[in-house]
Amino acid sequence: MIRVAVVGARGRMGSHVVEAVRSASDMELTESLDAGDDIKQISKDNTDVVVEFTVPAVSLGNVLALIEQGVDVVVGTTGWDDDKLEQVREALSHAPRADQAVFIAPNFAISAVLADYFAAKAAKYFESAEVIELHHPDKVDAPSGTALHTARAIAQARQEAGMPAMPDNTQSDGGSRGQVVDGVHVHAVRLRGLNAHEEVLLGNAGEQLSIRADSFDRISFMPGVLLAVRTLAGGGHAGLTVGLDAFLDL
Ligand SMILES: NC(=O)C1=CN([C@@H]2O[C@H](COP(=O)(O)OP(=O)(O)OC[C@H]3O[C@@H](n4cnc5c(N)ncnc54)[C@H](OP(=O)(O)O)[C@@H]3O)[C@@H](O)[C@H]2O)C=CC1
Ligand SMILES: O=C(O)C1=N[C@H](C(=O)O)C[C@H](O)C1
């Protein structure tokens with residue numbers, strides 16, 4: 001039985017994770033913590049894997065504290081940059097357990113993971129590429145972690161193919177061209193009625209490829225979360241792993 005704790009348990013995602021863990025025959029829910037709770041209630045004495053879905057401002061602190069507690073962590077919270085990831089690697093290098101693992105995924109839905117993968121594969125064949133992410137208006141961060149991950153993957157594919165900068169004759173945009181992430185324009189839509197959506201537009205003269213992923217319900221993220229919990233609990237993934245594609249045979 002995998003002992004699972006949830007941090008951010010009363011949140012939109014955390015509450016879904018609590019339900020998914022409770023419904024899993026191979027898992028036992030140990031601790032359900034939220035803002036104001038002492039994260040050191042979680043330890044290797046009561047928990048094997050922690051699932052963390054909080055807010056970008058606190059996730060690194062939570063992960064560092066949980067590493068000190070000797071437990072593995074599955075992280076869904078967004079807002080990760082290279083510096084924060086390096087702090088996690090550093091903490092893992094002197095963690096209580098040599099086989100301790102942290103897994104971070106910008107998106108746990110298979111539709112989004114595949115859209116990201118397909119966009120990176122297509123990128124070198126198109127002169128232009130832009131990313132549009134669309135979410136519910138309660139989301140605190142923009143652009144989404146998923147869109148940032150996709151934009152960086154497109155940029156890396158273009159760089160590896162030796163491609164030039166994308167064509168853009170904009171002289172002044174007043175902010176309407178979105179955020180530029182490694183040369184890729186990213187646009188964020190916030191709209192009541194939406195949940196989580198991403199569209200990648202890739203263009204050449206006379207043609208366009210559109211790659212779209214839609215998460216209509218947060219249940220779409222749960223199979224990926226449970227896959228990550230089971231994978232970490234099974235061992236063999238010591239250190240930091242980023243992206244659910246690492247656990248899929250893509
Ligand atoms: N990787 C993925 O597939 C997905 C990632 N996400 C990401 O997950 C994160 C959470 O999203 P969502 O669930 O919608 O957000 P919510 O705001 O609904 O949930 C966040 C929860 O974390 C709690 N919290 C805040 N600070 C702390 C703390 N220091 N310790 C413990 N809990 C804390 C909040 O409590 P309170 O409200 O009282 O402050 C709240 O209950 C976001 O970064 C989002 O982008 C979302 C969906 C999918
Ligand atoms: O806040 C959300 O809801 C989501 N956040 C993640 C992100 O920022 O990419 C994943 C998904 O898009 C839902």
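Counting convention: from 1, in listed order, for ligands and their atoms alike.
With a 6.0 Å radius and a threshold of 12 heavy atoms from other residues, nucleotides or ligands, Ile219 has its CD1 atom at or below the threshold. Within 6.0 Å of CD on Gln159 lie no more than 12 heavy atoms contributed by other residues, nucleotides or ligands. When the shell of 6.0 Å around NZ of Lys124 is examined, it contains 12 or fewer heavy atoms from other residues, nucleotides or ligands. Atom CG of Asp82 is surrounded by 12 or fewer heavy atoms from other residues, nucleotides or ligands within 6.0 Å. Within a 6.0 Å sphere centred on CD of Glu86, other residues, nucleotides and ligands contribute more than 12 heavy atoms.
Residue-ligand proximity, Arg10 to ligand 1, at heavy-atom distances under 4.0 Å covers atoms 41 (O). Interface of Lys139 with ligand 1, defined as ligand atoms under 4.0 Å from a residue heavy atom, comprises 45 (O).
Nearest non-hydrogen protein atom to atom 44 (C) of ligand 1 is Thr78 OG1, 3.7 Å. When only non-hydrogen protein atoms are considered, atom 9 (C) of ligand 1 lies nearest to Thr54 O, 3.2 Å. Scanning the protein for heavy atoms near atom 28 (C) of ligand 1, the closest one is Val58 CG2, 3.8 Å. The protein heavy atom nearest to atom 8 (O) of ligand 1 is Phe53 CD2, 3.4 Å. Protein heavy atom at the shortest distance from atom 6 (N) of ligand 1 is Gly76 O, 3.8 Å.
Looking at Val7 next to ligand 1, no N or O pair under 3.5 Å apart turns up. Checking only distances, Ala35 does come within under 3.5 Å of ligand 1, N or O to N or O. Looking at Asp34 next to ligand 1, an N or O pair under 3.5 Å apart turns up. The shortest N or O to N or O distance between Ala105 and ligand 1 is below 3.5 Å. The distance criterion of under 3.5 Å between nitrogen or oxygen atoms is met by Pro106 with respect to ligand 1. Remark: ligand 1 and Met13 share an N or O pair separated by less than 3.5 Å (distance only, no angle test). Between Gly11 and ligand 1, an N or O atom pair is found at a separation short of 3.5 Å.
Looking at Arg22 and Glu28, no side-chain N of the basic residue comes within less than 4.0 Å of a carboxylate O on the acidic one, giving no salt bridge. A salt bridge links Asp138 with Arg192: the closest approach of a Lys/Arg side-chain nitrogen to an acidic carboxylate oxygen falls below 4.0 angstrom. Taking 4.0 Å as the cut-off between side-chain N and carboxylate O, Glu68 and Lys40 count as a salt-bridged pair. Contact check on Asp182 versus Arg158 returns no salt bridge, with no Lys/Arg side-chain nitrogen under 4.0 Å from an Asp/Glu carboxylate oxygen.
In the model, His135 has a side-chain atom that pairs as donor or acceptor with a side-chain atom of Glu133 under 3.5 Å. No donor-acceptor contact under 3.5 angstrom links the side chains of Ser144 and Glu198, judged on distance only. Side chain to side chain, His149 and Asn107 fail the donor-acceptor criterion of an N or O pair below 3.5 Å. Judged by distance alone, the side chains of His136 and Asn195 never bring a donor and an acceptor atom under 3.5 Å apart. For Thr54 and Glu52, the side-chain atoms include at least one donor-acceptor pair closer than 3.5 Å.
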List of N/O pairs, ligand 2 versus protein, all under 3.5 Å?
unit_1, atom_1, unit_2, atom_2, d
ligand 2, 1 (O), Lys139, NZ, 2.9
ligand 2, 3 (O), His136, NE2, 3.0
ligand 2, 5 (N), Lys139, NZ, 3.0
ligand 2, 8 (O), Lys139, NZ, 2.7
ligand 2, 8 (O), Gly145, N, 2.9
ligand 2, 9 (O), Gly145, N, 3.3
ligand 2, 9 (O), Thr146, N, 2.7
ligand 2, 9 (O), Thr146, OG1, 2.6
ligand 2, 12 (O), His135, NE2, 2.6

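Proximity of Asn62 to ligand 1, defined as any heavy-atom pair under 4.0 Å, is confined to the side chain (atoms from C-beta onward). The parts of Phe108 lying near ligand 1 are both backbone and side chain, judged by heavy-atom distances below 4.0 Å. With a 4.0 Å cut-off on non-hydrogen atoms, Ala112 does not touch ligand 1 at all.
Counting protein heavy atoms under 4.0 angstrom from atom 37 (O) of ligand 1 gives zero.
Taking the six-membered ring for Trp, His16 and Phe53 have ring centres at least 6.0 Å apart.
Checking His136, Arg218, Arg12 against atom 14 (O) of ligand 1, the nearest heavy atom belongs to Arg12.
In this structure, the side chain of Arg3 engages the main chain of Lys44 through a donor-acceptor pair within 3.5 Å.
Residue Glu52 places no heavy atom under 4.0 Å from ligand 1.
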